[in-house]
Amino acid sequence: MKSRRALPLSLACTGVFLFLAGPSEAQAPARTPGRGGARQVVEAGVVEANLAQLMKGILFPNSNVIFFAQSDDPAKVAPAKDPSVATDPLADTYGKWQAVENSALALAEAANLLTIPGRKCSNGLPVPMNNPDWAKFVQGLRDAGMKAYKAAQSKDMDKILDAADTMTTACANCHEKYREKPTLADRCK
């Protein structure tokens with residue numbers, strides 16, 4: 001059995017950068033000139049996860065970082081033994097208050113994911129994007145994320161407490177309408 005050698009960190013990071021940088025121009029999605037000569041992607045978003053998976057994978061863990069910061073100072077979180085592989089964002093390489101900022105931005109950006117056509121709820125029903133309240137609830141999430149981001153930038157626990165309350169309200173508005181149902185089959189109606 002051959003032993004595997006780990007890549008030097010600089011080489012591994014270069015590979016990650018190249019992966020994150022995206023496809024070459026020949027492989028890139030179609031683009032069109034936008035305002036001021038900027039280029040815009042014209043390809044529609046691709047849906048990979050259902051709504052419950054999106055919530056469990058992005059919104060729930062990032063909301064918990066905000067909720068943590070409403071009662072505990074992120075600056076006091078000790079870094080993990082190896083922050084580069086930490087599973088707790090508050091203790092990883094980009095931890096402490098930066099983790100709160102990043103989680104807040106992830107929540108604001110996740111609002112965009114809630115508006116990609118074709119997403120389904122876990123029961124197979126389409127996400128109710130055509131309902132007028134859906135757009136309002138999505139905007140509430142986006143606003144809550146940006147409020148939490150500004151609060152995290154200030155490192156002010158009172159502002160985080162207020163932002164966490166806004167986040168709770170944004171989540172509850174949507175959950176009460178679409179999630180808190182007697183059966184799974186009734187969700188997203």
Side-chain angles (χ1 to χ4, degrees), residues 16 19-20 22-23 27-32 34 40-72 74 86-92 94-95 98-152 160-189:
V16 170
F19 173 75
L20 293 176
Q27 300 168 321
R31 297 175 188 263
T32 184
Q40 300 173 328
V41 175
V42 294
E43 180 179 291
V46 176
V47 175
E48 302 292 350
N50 68 36
L51 184 60
Q53 292 166 325
L54 189 65
M55 291 291 169
K56 294 171 192 172
I58 298 174
L59 285 97
F60 182 77
N62 285 293
S63 294
N64 281 344
V65 172
I66 306 302
F67 295 141
F68 172 89
Q70 71 182 341
S71 59
D72 294 290
T87 57
D88 178 354
L90 291 157
D92 75 12
Y94 306 103
Q98 187 177 4
V100 182
E101 290 178 31
N102 293 340
S103 288
L105 289 172
L107 291 166
E109 289 286 350
N112 297 324
L113 298 174
L114 296 174
T115 62
I116 296 175
R119 188 162 321 277
K120 302 277 186 189
C121 295
S122 60
N123 61 6
L125 292 175
V127 169
M129 282 187 274
N130 295 329
N131 293 5
D133 59 1
W134 184 260
K136 181 177 137 186
F137 296 154
V138 168
Q139 187 60 47
L141 172 64
R142 184 178 290 111
D143 293 344
M146 291 310 297
K147 185 173 185 174
Y149 174 65
K150 290 174 184 159
I160 284 288
L161 185 61
D162 186 45
D165 184 54
T166 301
M167 178 102 27
T168 298
T169 300
C171 295
N173 287 339
C174 193
H175 288 190
E176 287 171 8
K177 172 80 187 248
Y178 293 110
R179 180 178 160 217
E180 303 305 324
K181 303 289 183 170
T183 67
L184 179 64
D186 292 328
R187 287 185 175 179
C188 291
K189 290 183 179 179

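Just so you know, these numbers come straight off a predicted model, no measurement behind them. Residue indices begin at 1 and follow the sequence shown. The basis for the numbers below is simple: all heavy atoms, side chains too, and nothing from hydrogens, waters or symmetry mates.
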Looking only at heavy atoms, what is the nearest atom pair of [X] and [Y], with distance?
| X | Y | value |
| --- | --- | --- |
| A151 | A163 | CB-CB, 4.2 Å |
| I66 | A148 | CD1-CB, 4.0 Å |
| P128 | Y178 | CG-CE2, 3.4 Å |
| L125 | C188 | CB-CB, 4.5 Å |
| C174 | F137 | CA-CD1, 3.8 Å |
| P61 | M55 | CD-O, 4.0 Å |

Can you tell me how far the [atom1] atom of [X] sits from the [atom2] atom of [Y], to the nearest 0.5 Å?
| X | Y | atom1 | atom2 | result |
| --- | --- | --- | --- | --- |
| F67 | C171 | CZ | SG | 5.5 Å |
| L141 | L59 | CG | CG | 5.5 Å |
| Q70 | I160 | CD | CD1 | 9.0 Å |
| K147 | D165 | NZ | CG | 7.5 Å |
| L114 | L51 | CG | CG | 6.5 Å |

With a 4.5 Å cut-off on side-chain heavy atoms, are [Y] and [X] touching?
| X | Y | answer |
| --- | --- | --- |
| D143 | T166 | no |
| C121 | N50 | no |
| Y94 | E101 | no |
| V138 | M129 | no |
| V100 | L90 | yes |

Answer yes or no: are there more than 12 heavy-atom neighbours, outside K181 itself, under 6.0 Å from its atom NZ?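 More than 12 heavy atoms, drawn from other residues, nucleotides or ligands, come within 6.0 Å of this atom.
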Judged by atom type as modelled, is there a donor-acceptor pair below 3.5 Å linking the side chain of N131 to the main-chain atoms of D133? no
Residue pairs fulfilling salt bridge (charged side-chain N to carboxylate O under 4.0 Å, His left out) with at least one residue in residues 122-131, sequence neighbours excluded: none
According to side-chain hydrogen bond (donor to acceptor under 3.5 Å, both in side chains), does anything in residues 109-124 pair up with another residue at least two apart or in another chain? List the pairs.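 Listed by first then second residue: E109-N112, N112-R142.
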Among residues at least two apart in sequence or on other chains, which ones pass side chain to side chain contact (heavy atoms under 4.5 Å, CB included) with F60?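 Scan of F60 (side chain to side chain contact (heavy atoms under 4.5 Å, CB included), adjacent residues dropped) gives N64.
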